There are 2 protein chains.
Amino acid sequence: MATIKDVAKLSETSVGTVSRYLNGYPIKTVNKEKIKEAIKCLNFSINSIARGLKTNKTFTVGILIPKLANLFSTSVIEGMDQVFDAFGYSILVCDSKNSLEKEKEKLKLFKDKLVDGIILMPVNNSEQHIREIQESGMPIVLMDRLVNNLQCDGVVSDNVNGAYQAVEAIINRGHRRIAIIAGPQNIYPAQERLEGYLRALKDYNIEVDHNLIYEAELTREGGYQGITSFCVMDEPPTAIFTSNDETTIGAYKAILERGLVIGEDISLFGYDQTELCQMVRPQISVVIQPLETIGRRSAEILISRMKGNYTGFPIVNRLKTEIVVTDSVKTVS
Amino acid sequence: MATIKDVAKLSETSVGTVSRYLNGYPIKTVNKEKIKEAIKCLNFSINSIARGLKTNKTFTVGILIPKLANLFSTSVIEGMDQVFDAFGYSILVCDSKNSLEKEKEKLKLFKDKLVDGIILMPVNNSEQHIREIQESGMPIVLMDRLVNNLQCDGVVSDNVNGAYQAVEAIINRGHRRIAIIAGPQNIYPAQERLEGYLRALKDYNIEVDHNLIYEAELTREGGYQGITSFCVMDEPPTAIFTSNDETTIGAYKAILERGLVIGEDISLFGYDQTELCQMVRPQISVVIQPLETIGRRSAEILISRMKGNYTGFPIVNRLKTEIVVTDSVKTVS
DNA sequence: TTGTATGCGTTATCAC
DNA sequence: GTGATAACGCATACAA
């Protein structure tokens with residue numbers, strides 16, 4: 001790779017002049033031409049990393065996600081990418097594989113002058129390593145999951161209401177034994193969705209049966225196991241609410257394998273509108289989060305922070321969800 | 001952020017000594033203790049980017065994909081990540097959004113000492129920019145898509161046979177008017193899959209009807225439009241073969257919306273086993289690519305190249321596919 | 001306007 | 001073993 005030095009030599013100027021040319025400062029027209037020529041000739045282009053070492057700006061942002069391989073993550077990332085792209089930022093995506101260790105590791109990599117800012121969907125409620133990022137002066141915004149004991153910018157969806165509306169819709173169709181496949185309670189949206197479930201039951205005077213609360217990992221296996229556990233009960237639930245896209249898919253699969261008919265033998269209300277939920281018959285009722293908007297808003301906040309605008313810290317955007325109710329929830333009398 | 005210089009000062013040694021400690025060279029025990037102490041005290045950790053500037057090694061690899069948001073991409077990436085992780089490499093994922101311009105741009109970013117090697121799923125058959133990467137000495141391996149006029153390491157699946165077997169299975173169930181939703185013919189696997197289709201027809205003495213070949217973008221819209229176009233024909237096909245995961249989903253959607261019953265009114269054979277294909281009834285017949293293996297093999301080749309082992313260049317791995325035939329293909333007599 | 005010198009955080013090469 | 005010091009590729013203050 002040709003460097004700025006090579007360009008200086010070939011154009012018979014100096015590195016200073018070349019650098020000034022590259023950064024748009026005024027230089028003599030003669031030199032400009034010679035430098036242009038040399039750059040083309042050497043196929044030179046600027047090394048943005050080395051530049052970042054000096055300027056502390058790389059025009060790159062890091063995105064760290066606990067699991068890349070699902071609709072939620074990739075949709076949100078697409079939303080972010082739109083915005084970042086429009087503002088001239090490149091994105092670098094990393095997967096923490098649901099491991100706090102990996103999360104710390106990748107965050108460290110980002111901090112090493114690799115990126116100008118970070119969007120993080122944290123693995124869980126741990127806060128110390130995030131706080132260190134903040135103290136280092138690197139802008140960071142949380143996405144989808146806030147962290148309980150941390151002041152930090154963030155964009156989340158209104159999980160409590162999302163879950164509440166779902167459970168309410170189930171109740172309105174006449175169900176009383178409503179189960180939830182909840183997520184780990186050290187994860188923020190999982191907490192909130194369980195809270196929404198509980199609140200709805202309370203508002204409609206339905207007593208909570210703790211056997212109907214299955215705390216699972218937010219994975220397909222988690223959803224699958226949840227169904228399995230409910231189905232062997234003496235008095236199984238008539239309707240089941242799942243807490244995210246993956247548990248919904250897992251639950252669907254388990255129900256299918258047991259030969260049960262959704263909307264007849266058992267009712268299902270999921271979270272996040274995957275293709276599966278839309279294309280299967282009956283369609284699955286779901287809470288829909290504005291995934292791309294979550295991505296876009298996170299990006300917008302981060303950009304404003306990277307520009308040095310720290311007004312209103314911490315900004316927490318809580319975006320509204322919608323529900324789609326289908327025949328996957330049976331109307332009972 | 002504390003630097004090596006701060007550590008040297010606090011531990012009353014020199015940057016040289018600290019660096020040697022950090023890199024595992026022998027140093028006096030007294031100093032070792034003092035340095036350890038200082039590192040802990042300052043919460044220092046090494047800046048891998050600055051180090052990379054000097055050593056030309058960052059233990060990071062770049063992965064560039066034309067579209068992140070689908071099963072294919074994320075599954076393959078998971079496979080890679082397993083291997084890279086085991087070898088101590090971090091991965092950085094970028095999306096070229098199906099744009100050659102973006103592909104060049106991101107490749108440039110990678111080349112700027114950001115990564116030690118690259119895995120690329122190219123947008124199309126353009127080769128010049130890839131050749132420049134090779135000439136710069138940066139190892140690169142192509143994934144899923146080879147490039148026609150380029151010598152380069154690569155891992156692909158056996159698309160010709162995959163498509164052949166699918167079409168053969170359709171023929172064996174008695175179909176004669178078999179359509180294909182093919183991809184753009186400047187994309188390698190799309191070429192190969194069309195070739196497999198043609199070859200199967202030829203081997204079974206079925207004349208090619210060019211109206212039954214719909215060249216679409218490899219997107220949901222592409223698949224959707226393909227179906228739409230076939231359905232308005234005077235003599236529509238009885239079976240349709242789609243070229244990738246996205247066109248399969250789009251085709252499925254279009255068929256659903258038209259109220260046609262798969263396996264009755266029309267037969268469908270897809271590519272890539274998404275959740276949708278498995279969970280819908282009847283299940284969709286598909287060609288299954290070994291996604292994670294594609295990822296793992298690409299990673300293994302890249303690692304060996306990054307270690308300086310260039311034997312057998314160019315290595316091209318062509319992995320076998322499997323087919324699953326279901327009642328989505330009607331048996332006609 | 002221009003070139004030179006210095007520094008970003010690290011490693012590597014020296015003498016010592 | 002150790003401590004200065006020169007690189008890595010670039011930006012920038014400064015003197016010219």
Side-chain angles (χ1 to χ4, degrees), chain A residues 1-36 38-39 42-60 90 108-116 136-138, chain B residues 1-36 38-39 42-60 90 108-116 136-138:
Chain A
M1 286 303 303
T3 75
I4 203 175
K5 223 181 259 178
D6 303 316
V7 175
K9 200 173 294 173
L10 186 61
S11 63
E12 298 172 303
T13 60
S14 70
V15 288
T17 312
V18 176
S19 173
R20 293 157 47 85
Y21 164 76
L22 292 171
N23 291 286
Y25 294 102
I27 83 172
K28 236 194 243 167
T29 325
V30 209
N31 288 330
K32 195 180 283 188
E33 291 311 319
K34 287 200 288 187
I35 291 175
K36 262 189 198 162
I39 286 179
L42 292 167
N43 193 21
F44 164 86
S45 68
I46 214 164
N47 183 324
S48 49
I49 298 304
R51 165 190 267 176
L53 192 58
K54 180 72 187 167
T55 60
N56 277 318
K57 287 253 163 292
T58 60
F59 286 96
T60 300
S90 284
K108 171 70 175 62
L109 183 66
F110 284 159
K111 213 173 49 172
D112 287 353
K113 309 214 162 246
L114 193 56
V115 301
D116 297 345
S136 80
M138 168 89 70
Chain B
M1 286 303 302
T3 77
I4 204 175
K5 222 181 260 178
D6 302 317
V7 176
K9 200 173 295 173
L10 186 61
S11 63
E12 298 173 300
T13 60
S14 71
V15 288
T17 311
V18 176
S19 174
R20 294 158 46 92
Y21 165 76
L22 291 171
N23 291 287
Y25 294 102
I27 91 171
K28 233 193 244 169
T29 325
V30 210
N31 288 330
K32 192 179 286 186
E33 291 311 319
K34 286 201 288 188
I35 292 174
K36 260 189 199 162
I39 287 178
L42 293 167
N43 193 19
F44 164 87
S45 70
I46 215 164
N47 184 324
S48 49
I49 298 302
R51 165 189 268 174
L53 189 59
K54 183 70 189 169
T55 60
N56 278 319
K57 287 252 162 293
T58 60
F59 285 96
T60 301
S90 283
K108 170 70 175 64
L109 183 66
F110 283 159
K111 215 172 49 173
D112 286 353
K113 311 216 159 243
L114 193 55
V115 301
D116 298 345
S136 80
M138 168 89 69

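Quick note: numbers below take in every heavy atom, side chains included, and nothing from hydrogens, waters or symmetry partners. Owing to the predicted nature of the structure, the values given are computational and were not obtained by experimental measurement.
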Practice task
Could you tell me which residues satisfy ring-ring contact (aromatic ring centres under 6.0 Å, His included) with B:Phe44, sequence neighbours excluded, listed by chain and number?
Solution key: none

Practice task
May I ask you to evaluate whether B:Ser14 reaches the phosphate of D:dG3, defined as a side-chain N or O under 4.0 Å from OP1 or OP2?
Solution key: yes

Problem - Whole angstrom value for the distance that separates P of C:dT10 from CZ of B:Phe59 - result: 16 Å

Fill in the blank from the handout: Scoring nucleotides 11-16 of chain D by protein non-hydrogen atoms under 4.0 Å (B base, S sugar-phosphate only, - none) yields BB----

Handout entry: Per B:Pro26 side chain, nearest of listed nucleotides D:dG9, C:dT2, D:dG1
Key = D:dG1

Exercise for the section: Nearest 0.5 Å please: distance from the CD1 atom of B:Ile39 over to the OG atom of B:Ser11. Expected result: 8.0 Å

Completion exercise
Residues at least two apart in sequence or cross-chain that pass side chain to side chain contact (heavy atoms under 4.5 Å, CB included) with A:Lys54, listed by chain then number, are none

Handout entry: Length of the NZ-C1' vector between A:Lys9 and C:dT2, whole Å
Key = 19 Å

Problem - Donor-acceptor pair between B:Asn47 and A:Lys113 side chains, under 3.5 angstrom - result: no

Handout entry: Side-chain H-bond candidate by donor/acceptor type, B:Asn31 with B:Thr13, under 3.5 Å
Key = no

Practice task
Using a heavy-atom cut-off of under 4.0 Å over every strand shown, decide if B:Ser48 touches base, sugar-phosphate, or nothing.
Solution key: nothing

Exercise for the section: Could you check how far CG of A:Asn47 sits from C1' of C:dT10, rounded to whole Å? Expected result: 15 Å

Problem - Any residue meeting ring-ring contact (aromatic ring centres under 6.0 Å, His included) with A:Tyr21, in chain and number order, not counting sequence neighbours - result: none

Exercise for the section: Could you tell me the separation between the NZ atom of B:Lys57 and the C1' atom of D:dC8, rounded to a whole number of Å? Expected result: 14 Å

Problem - Touch class at under 4.0 angstrom, heavy-atom based, for B:Tyr21 against every strand present - result: nothing

Exercise for the section: Could you check how far CG of B:Asp112 sits from P of D:dC8, rounded to whole Å? Expected result: 16 Å

Practice task
Give the rounded distance in Å between these two atoms: CD1 of A:Ile35 and P of C:dT2.
Solution key: 8 Å

Practice task
Look at the side-chain N and O atoms of A:Asn31 and state whether any lies under 4.0 Å from the OP1 or OP2 oxygen of C:dT2.
Solution key: yes

Problem - Whole-Å gap separating C1' (D:dG9) and NZ (B:Lys108) - result: 11 Å

Exercise for the section: State the CD1-NZ distance between B:Ile27 and B:Lys34, to the nearest 0.5 angstrom. Expected result: 10.0 Å

Problem - Overall bend - the helix from C:dT1-D:dA16 to C:dC16-D:dG1, comparing terminal axes fitted on five pairs, nearest 10 degrees - result: 50°

Exercise for the section: Please check the phosphate of D:dG3 (OP1 and OP2 only) for any side-chain N or O of B:Thr17 closer than 4.0 Å. Expected result: yes

Problem - Given C:dG3, D:dG3, C:dG9, the nucleotide with the shortest approach to the side chain of B:Ala50 - result: C:dG9

Handout entry: CG-CD1 distance between A:Leu22 and A:Ile46, expressed to the nearest 0.5 angstrom
Key = 4.5 Å

Practice task
For residues B:Val115 and B:Met138, determine if any side-chain heavy atom of one lies less than 4.5 Å from a side-chain heavy atom of the other.
Solution key: yes

Handout entry: Distance in angstrom units between B:Asn56 CG and D:dA7 P, rounded
Key = 16 Å

Practice task
Just call it for A:Leu53: base, sugar-phosphate, or nothing, with non-hydrogen atoms closer than 4.0 Å on any strand.
Solution key: base

Exercise for the section: State whether B:Lys5 places a side-chain N or O below 4.0 Å from either non-bridging phosphate oxygen (OP1 or OP2) of C:dC8. Expected result: yes

Practice task
Name all residues meeting the salt bridge (Lys or Arg N to Asp or Glu O under 4.0 Å) criterion together with A:Asp112; count only those two or more places apart in sequence or in a different chain, and write none if there are none.
Solution key: A:Lys108

